[in-house]
J.: 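Here it is, the structure, as structure tokens.
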Amino acid sequence: MTKPLFQRIIESDYRSVSIGYPPPDIAQDENGNWHIRPLEMLEAYPARLTDRLLFGAKQFPERTLMAARGHDGEWIHISYAQMLARVRCIGQWLLDRGLSVERPLMVLSGNDLEHVQLMLAAMYVGIPYSPVSTAYSLIATDYGKLRHIVSTVTPGLVYAADGAAFAKAIDGAVDPDVEIVLGKGELPGRKTILFGELLASVPVNVDSANATVGPDTIAKFLFTSGSTKLPKAVVTTQRMLCANQQMLLQTFPVFAEEPPVLVDWLPWNHTFGGSHNLGIALYNGGSFYIDDGQPTSKRFDQTLQNLREISPTVYFNVPKAWEDLTVVLEQDASLREVFFSRMKLFFFAGAGLSQAAWDRLDRVTQAHCGHRIRMMVGLGMTETSPSCLFSTGDVIGAGYVGLPAPGCEVKLVPVDGKLEARMRGPHVMPAYWRNQAQTREVFDEEGYYCTGDALRFVDENAPQLGMRFDGRIAEDFKLSSGTFVSVGPLRAKVITQGTPYIQDVVVTGINRDEVGLLIFGRIAECRQLAGLDDEADLLEIMTNRLVHDYFKALLMRLNSDATGSANRISWMRLLETPPSIDHNEITDKGSINQSAVLARRADLVDALYYRQDAFLITA
């Protein structure tokens with residue numbers, strides 16, 4: 001692959017690494033819309049993502065493509081050549097089952113070697129696959145969302161890693177006539193097939209099926225998290241996946257300089273983990289180590305163990321994990337040696353990383369390496385497979401999302417006093433599956449996808465510097481006085497100043513006189529603040545005097561520079577019940593749904609505005 005037309009070396013006290021820097025053409029039309037187009041053209045990309053598997057199997061057959069820990073704790077490796085051989089066997093088995101776009105493959109369980117083999121086999125022979133959040137099967141007590149997803153996709157085959165763990169969900173949401181493949185176990189009263197049997201198939205017509213797969217072939221149905229509405233199935237084509245990976249490569253030519261190595265836990269039902277991260281490894285001849293840990297108190301130690309054994313070249317994670325990892329890196333010299341030994345770039349996504357946490361990571365990195373490592377951020381969504389903008393400009397810091405990647409056209413349209421970001425390019429979805437009405441709602445007359453995200457220029461007099469995230473337009477509201485409250489920036493400010501004790505914040509005040517906050521606290525950190533033991537429940541933690549004293553002081557700090565009713569907070573309320581996935585309060589990605597929380601807890605909000613709540617924290 002050729003190098004991009006425009007690239008530069010990031011210097012100063014950052015590690016020198018080549019980053020594509022497409023200078024944009026920026027113009028404003030007579031309607032006040034801004035049009036931002038990269039001058040660098042998107043280079044050619046494959047017709048099928050699995051073409052990169054074929055290339056790897058031929059050029060570096062013994063290189064590890066995927067690895068995961070086995071039951072004995074040792075790493076199990078699958079090379080490029082081994083993966084292609086398995087994909088051809090499984091692909092034949094899928095073809096023999098008569099699966100199609102109308103009867104695709106659905107995967108209920110999380111990241112594992114069986115999952116990725118099924119994924120690539122389905123893509124190889126042109127059968128769409130739909131990965132589903134494990135939360136809908138293992139956490140939800142009501143299988144309503146899962147039933148909706150099944151009825152939307154109408155799978156002809158369902159895979160789950162463990163029969164016992166997924167038995168209730170399958171029984172509650174999957175029709176009895178749908179065939180089930182299990183990694184292990186069985187389902188009482190239902191015929192199942194163990195995954196190992198698929199590998200015994202003899203390839204006959206898989207390669208001819210692969211030859212019919214083209215750019216418009218549907219690779220995946222990825223479900224958005226849903227808010228007050230049920231999740232929508234995003235049609236994800238081969239063109240979208242391949243174009244987006246080429247955008248990434250031209251933005252980060254460092255991926256072509258050394259095969260990327262990833263150690264990653266992010267779920268494959270989400271576009272960041274399953275399309276972006278997994279795609280980077282495959283597209284660039286890299287290696288992907290499945291991290292069986294997570295940024296939780298129970299599983300983060302496993303992530304640390306994996307990072308003590310495998311040195312990634314690029315590391316992706318969510319802000320909470322970056323914060324926790326930074327603390328350990330400060331204390332653990334042996335971890336620093338392995339983690340930083342060949343690191344080129346950091347990434348985060350899913351939510352905003354506070355500037356304080358960012359600065360702390362910079363300090364530990366510079367102390368060990370003698371330089372900082374560039375933290376990359378951007379803007380993307382499931383409907384754009386996912387990447388659109390990246391922080392390739394000179395500005396570095398929280399909130400900055402940068403400039404569009406090659407191939408991505410951006411239009412900023414004035415909406416309710418903000419600029420809504422709209423995207424167009426080969427990486428944008430053609431439609432929501434079996435939902436024409438909602439498809440029409442999200443595309444404008446020029447074919448741009450309307451994201452609902454607001455952006456603003458870092459400097460209106462120098463728009464070429466790029467853009468900052470300016471919140472979700474739909475979340476903003478007016479007080480009874482008519483004053484507009486911009487939720488995104490206010491929420492980010494509260495979370496940043498409340499680090500590490502705040503998980504997320506819901507801003508209240510629509511058609512009321514003042515702004516209030518519902519706060520989901522971080523349980524472990526608030527428990528420690530309160531000096532309570534591990535047996536303390538959420539109610540005891542969130543009503544503790546020491547915790548309340550901290551948030552009382554935080555409220556005073558937040559209001560010390562308030563300029564008016566739009567950013568002055570009249571009260572806080574710590575919530576003693578966690579967000580509910582059954583009621584759409586929290587997505588499978590872990591982000592809080594503002595409107596769903598406000599709808600479900602409307603009676604509590606009313607009581608708070610009438611000051612009829614014993615746990616209210618006031619200014």
Side-chain angles (χ1 to χ4, degrees), residues 6-22 248 251-258 260-264 272 276-277 280 286 295 303-304 307-308 310-379 387 389-403 405 458-459 465-469 492 495-496 499-500:
F6 300 94
Q7 74 177 68
R8 61 177 185 156
I9 303 296
I10 301 299
E11 299 288 358
S12 71
D13 58 348
Y14 283 92
R15 178 174 186 167
S16 295
V17 60
S18 53
I19 293 178
Y21 184 42
L248 280 161
T251 303
F252 305 106
V254 65
F255 293 158
E257 296 167 6
E258 177 184 354
V261 175
L262 281 71
V263 180
D264 192 75
F272 184 40
H276 184 279
N277 295 359
I280 285 173
T303 289
L304 296 176
L307 291 175
R308 288 186 175 99
I310 308 299
S311 300
T313 61
V314 57
Y315 192 63
F316 302 87
N317 223 315
V318 295
K320 173 65 166 64
W322 275 114
E323 293 171 13
D324 293 346
L325 178 60
T326 300
V327 173
V328 182
L329 286 170
E330 289 175 334
Q331 302 167 355
D332 190 330
S334 60
L335 176 62
R336 292 196 298 269
E337 288 294 333
V338 178
F339 183 73
F340 289 122
S341 64
R342 54 181 178 179
M343 186 69 68
K344 304 293 192 304
L345 289 170
F346 296 152
F347 279 74
F348 77 83
L353 181 68
S354 71
Q355 192 60 53
W358 196 322
D359 293 341
R360 188 174 182 179
L361 176 62
D362 274 347
R363 286 194 296 270
V364 69
T365 303
Q366 189 157 25
H368 179 81
C369 303
H371 54 74
R372 292 183 287 171
I373 292 175
R374 180 91 170 193
M375 174 67 80
M376 303 304 304
V377 296
L379 182 69
S387 303
L389 281 74
F390 284 106
S391 55
T392 51
D394 290 319
V395 179
I396 298 174
Y400 180 63
V401 295
L403 295 162
V458 172
D459 184 344
L465 291 176
M467 292 160 280
R468 291 187 180 277
F469 185 69
I495 293 174
T496 296
T499 299

J.: Please round to the nearest 0.5 Å and tell me the distance separating atom CZ of Arg468 and atom CG of Asp459.
T.: 10.5 Å

J.: Restricting to non-hydrogen atoms, name the atom on Gly466 and the atom on Leu403 that form the minimum distance, rounded to 0.1 Å.
T.: CA-CD2, 3.5 Å

J.: How long is the straight-line distance from CZ of Phe272 back to CZ of Phe316, given to the nearest 0.5 Å?
T.: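 Interatomic distance, Phe316 CZ to Phe272 CZ, rounded to 0.5 Å: 6.0 Å.
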
J.: Table please: side-chain donor-acceptor pairs of residues 327-335 below 3.5 Å, with sequence neighbours left out.
T.:
unit_1 : atom_1 : unit_2 : atom_2 : d
Glu330 : OE1    : Arg360 : NE     : 3.3
Glu330 : OE1    : Arg360 : NH2    : 2.7
Glu330 : OE2    : Arg360 : NE     : 2.8
Asp332 : OD1    : Ser334 : N      : 3.1
Asp332 : OD1    : Ser334 : OG     : 2.6
Asp332 : OD1    : Leu335 : N      : 3.0
Asp332 : OD2    : Arg308 : NE     : 3.3
Asp332 : OD2    : Arg308 : NH2    : 2.7

J.: Can you check whether Pro260 reaches Val254 side chain to side chain, under 4.5 Å on heavy atoms?
T.: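 Side-chain contact under 4.5 Å: no.
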
J.: Quick one: NE2 on His276 to CG on Leu248, what's the gap to the nearest 0.5 Å?
T.: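 Here the rounded value is 4.5 Å.
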
J.: Backbone N or O of Val338 within a donor-acceptor pair of the Ser311 side chain at under 3.5 Å?
T.: yes

J.: Quick one: pull up CE in Met375 and CZ in Phe347 and give me the separation to the nearest 0.5 Å.
T.: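 Going from the CE atom of Met375 to the CZ atom of Phe347 covers 10.0 Å.
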
J.: Taking all non-hydrogen atoms of both residues into account, name the closest pair between Val401 and Gly378 and its distance.
T.: CG1-O, 3.7 Å

J.: Walk me through whether Lys320 and Asp324 qualify under salt bridge (charged side-chain N to carboxylate O under 4.0 Å, His left out).
T.: CA-CA 6 Å; Lys320 173 65 166 64; Asp324 293 346; 2.5 Å; yes

J.: If every non-hydrogen atom of Tyr400 is compared with every non-hydrogen atom of Leu465, which pair is closest and at what distance?
T.: OH-O, 2.5 Å

J.: Out of Thr303, Asn317, Asn277, which residue meets the side-chain hydrogen bond (donor to acceptor under 3.5 Å, both in side chains) rule with Asp264?
T.: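 The option that passes is Asn277.
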
J.: Among residues at least two apart in sequence or on other chains, which ones pass ring-ring contact (aromatic ring centres under 6.0 Å, His included) with Phe390?
T.: Phe252

J.: Going by salt bridge (charged side-chain N to carboxylate O under 4.0 Å, His left out), name the residues that satisfy it together with Glu258, two or more places apart in sequence or in a different chain.
T.: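 Residues passing salt bridge (charged side-chain N to carboxylate O under 4.0 Å, His left out) with Glu258: Lys344.
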
J.: Which is it for Leu389 and Val377 under the side chain to side chain contact (heavy atoms under 4.5 Å, CB included) test, yes or no, and what are the steps along the way?
T.: CA-CA 8 Å; Leu389 281 74; Val377 296; over 6 Å; no

J.: Does a side-chain heavy-atom distance below 4.5 Å link Ile373 with Tyr315?
T.: no

J.: Hey, does Leu361 have a side-chain heavy atom less than 4.5 Å from the side chain of Glu323?
T.: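 No, too far: nothing below the 4.5 Å cut-off.
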
J.: Could you tell me the separation between the OG atom of Ser391 and the CG atom of Leu379, rounded to the nearest 0.5 Å?
T.: 11.5 Å

J.: Taking Thr313 for its side chain and Arg342 for its backbone only, find out whether a donor-acceptor pair lies under 3.5 Å.
T.: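 No; judged by distance alone, with no hydrogens or angles, the pair does not exist.
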
J.: If I take atom CZ from residue Arg372 and atom CH2 from residue Trp358, how far apart are they, to the nearest 0.5 angstrom?
T.: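 The CH2 atom of Trp358 is 10.0 Å from CZ of Arg372, to the nearest 0.5 Å.
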
